[in-house]
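Atoms within a ligand are numbered from 1 in the order they appear, just like the ligands themselves. Basis for what follows: all heavy atoms, side chains included, without hydrogens, waters or symmetry-related copies.
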Amino acid sequence: MGRSGRHRTGIPIGVPEANSALVARLREQLGDEVDGLENALATEPVVSIRVNPNKWSGPQNTEPVPWCGTGHYLAERPAFTFDPLLHAGAYYVQEASSMLLEQAVLASGLANERIAALDLCAAPGGKSTHLRSLLHADTLLVSNEIDPKRATVLQENLWKWGAANSMVTCAAPQRYAHLQEVFDLVVVDAPCSGEGMFRKDAFAREQWKPALVKQCSAMQHDALEHAWNCLRPGGMLIYSTCTWEIEENEAQVAALMARGGHTIAIPTLPEWGMHRTSRHGIDAVRCYPHRVRGEGSFIALLRKAGERTGHAVPRNTQEVTGTAPWLLPSRAWNLIEMNAQQFAIDATWSAMVERIRSAVPTWSSGVPYAERKGITWRPHPGLAFAQDLDRSRFHSIPLDHTQAITMLRGNALSTSDARGAGLATYQDVPLGWLQGAGDRWNNRWPAAWRIRSARPSAPLVSWSA
Ligand code: SAM
């Protein structure tokens, strides 16, 4: 190993002593394979996306990510920002190893049930949007994030994904202490020392030091403690990180086993290249980029002891209190008001939603339906993306690429005779609201979501090439 921060191929992290400490730890796990890992870390990261099957059939002529039915590898990184389909929630840019969540969810046996699920460390929303595609449409998914700035992005991504039964909360894991034994499935994609992201993220390299591992493992222990308490007897917990540290991975899972959990095998095929780990008596999966076509990660599935009987919270206990004519009558909707916004909740989850709202700071519950404009209500920007939107209620205005980018920059579209309100679409996927003003369409694309870069810094996407 080199003595400086940069080895011949290198894990070029900031401080030379930290570099040798890290390489020694990795050598302990991998033996001489560590050289292969170092070589892999010096190459470009793999680019992949996960498609939202409710909105888009996906790109043509791409290679599938073998462990994820909606995952696609791309040959190069295009200018995603200039693709209106990204802004419409038609896909999510996500590195491939994290998509292994799919195999864990399938192994949990909960994908087809109507359950209450919690994603405790959820921003920016990669795992939550994936869970939304994997879990039953009637499952209530609560996506929580401790950091308000990151929770804003999480909320945007979940709104754009468009599923009905989603909540966004912004709280430290301790706040969930009031929701003991409520959730059937809890996902903890924990903050970690980030070794698996070294190829993608220069900051992860810069900040790595042995003390960070200690700090992260304390945070993980705390998050898992609360997550475990929120889990119903017989419920499932998925724990993942993007680091290779044993203290942050196997040791954390072993602590849950000491509390009566046991790991359940996440099925993998040998050709995927994943490494099965049995340290500390657990059964879990590790990804290393010299073996797997993706970044570094760890994932485990645990079952809590006990029987999962009935529903955690009585369902169907609340009267339907509103009508939601902009939504399909696919379910009974309850309208609730929060911070000058209306949200439409599946009435069967109303009691649970109330319980969660009273325990944890809640930003969004169900479908973002309307926002206050003076003394009236107008369609919420997030409603445009909702899968349950009744499109027949709105006049559709198809946009070409140039028009869509103009709109996504927040600019008006020149036209003749634009009147009333309309739903802008791109390739028939809803994008947002337009308001006619004679010779132009004004738009209501939120300022925070606007494209700000002047021009693409990479080739534009070409999904059918
Ligand atoms: N699951 C996300 C996804 O797939 O997009 C990524 C989650 S990221 C690995 C970990 C998240 O935990 C970050 O958003 C971070 O803000 C949050 N976090 C930071 N400190 C935390 C703490 N002490 N307890 C819980 N979450 C924390």
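Without hydrogens or angle criteria, Asn339 side chain to Gln341 main chain gives no donor-acceptor distance under 3.5 Å. Glu145 contributes no side-chain N or O that, together with a main-chain N or O of Arg150, makes up a donor-acceptor pair within less than 3.5 Å. His401 places a side-chain N or O within 3.5 Å of a backbone atom of Phe82 that can act as its donor or acceptor partner. Without hydrogens or angle criteria, Tyr92 side chain to Gly126 main chain gives a donor-acceptor distance under 3.5 Å.
By the 3.5 Å distance cut-off applied to N or O atoms, Ala123 is counted among the residues near ligand 1. Inclusion of Asp147 in the set of residues having an N or O under 3.5 Å from an N or O of ligand 1 is not warranted. For ligand 1, the polar-atom distance check finds an N/O of Asp189 within less than 3.5 Å of one of the ligand's N/O atoms. Checked by distance only, ligand 1 and Tyr92 stay at 3.5 Å or farther apart across all their nitrogen or oxygen atoms. The shortest N/O to N/O separation between Ala190 and ligand 1 does not fall below 3.5 Å.
The closest non-hydrogen atom to atom 15 (C) of ligand 1, taken over Glu145, Gln174, Lys149, Gln215, comes from Glu145. The closest heavy-atom contact to atom 19 (C) of ligand 1, among the options Thr241, Asn157, Ile146, comes from Ile146. Nearest residue to atom 3 (C) of ligand 1 from Gly126, Cys121, Pro148 is Gly126 (criterion: closest heavy atom).
Side-chain contact of Glu102 with His130: a donor-acceptor pair under 3.5 Å is present, judged by distance alone. Looking only at atom types and distance, the side chain of Thr277 has a donor-acceptor partner in the side chain of Glu250 under 3.5 Å away.
Of all the atoms in ligand 1, the ones that sit under 4.0 Å from a non-hydrogen atom of Arg150 are 13 (C), 14 (O), 15 (C), 16 (O). Each of the atoms 24 (N), 25 (C) of ligand 1 lies under 4.0 Å from some heavy atom of Pro173. Listed by number with element, the atoms of ligand 1 under 4.0 angstrom from any heavy atom of Gly125 are 3 (C), 5 (O).
The shell of residues lying under 4.0 angstrom from ligand 1, judged by heavy atoms, includes Ala122.
Scanning the protein for heavy atoms near atom 23 (N) of ligand 1, the closest one is Met219 SD, 3.4 Å. In terms of protein heavy-atom proximity, atom 4 (O) of ligand 1 is nearest to Lys127 N, 2.9 Å.
Taking the six-membered ring where the residue is Trp, Phe80 and Tyr91 present tilted rings, their angle falling between 30° and 60°.
Using a cutoff of 4.0 Å between basic side-chain nitrogens and carboxylate oxygens, Arg291 and Glu33 are scored as salt-bridged.
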Evaluation steps, side chain to side chain contact (heavy atoms under 4.5 Å, CB included), between Gln220 and Val188: CA-CA 9 Å; Gln220 290 149 359; Val188 182; over 6 Å; no

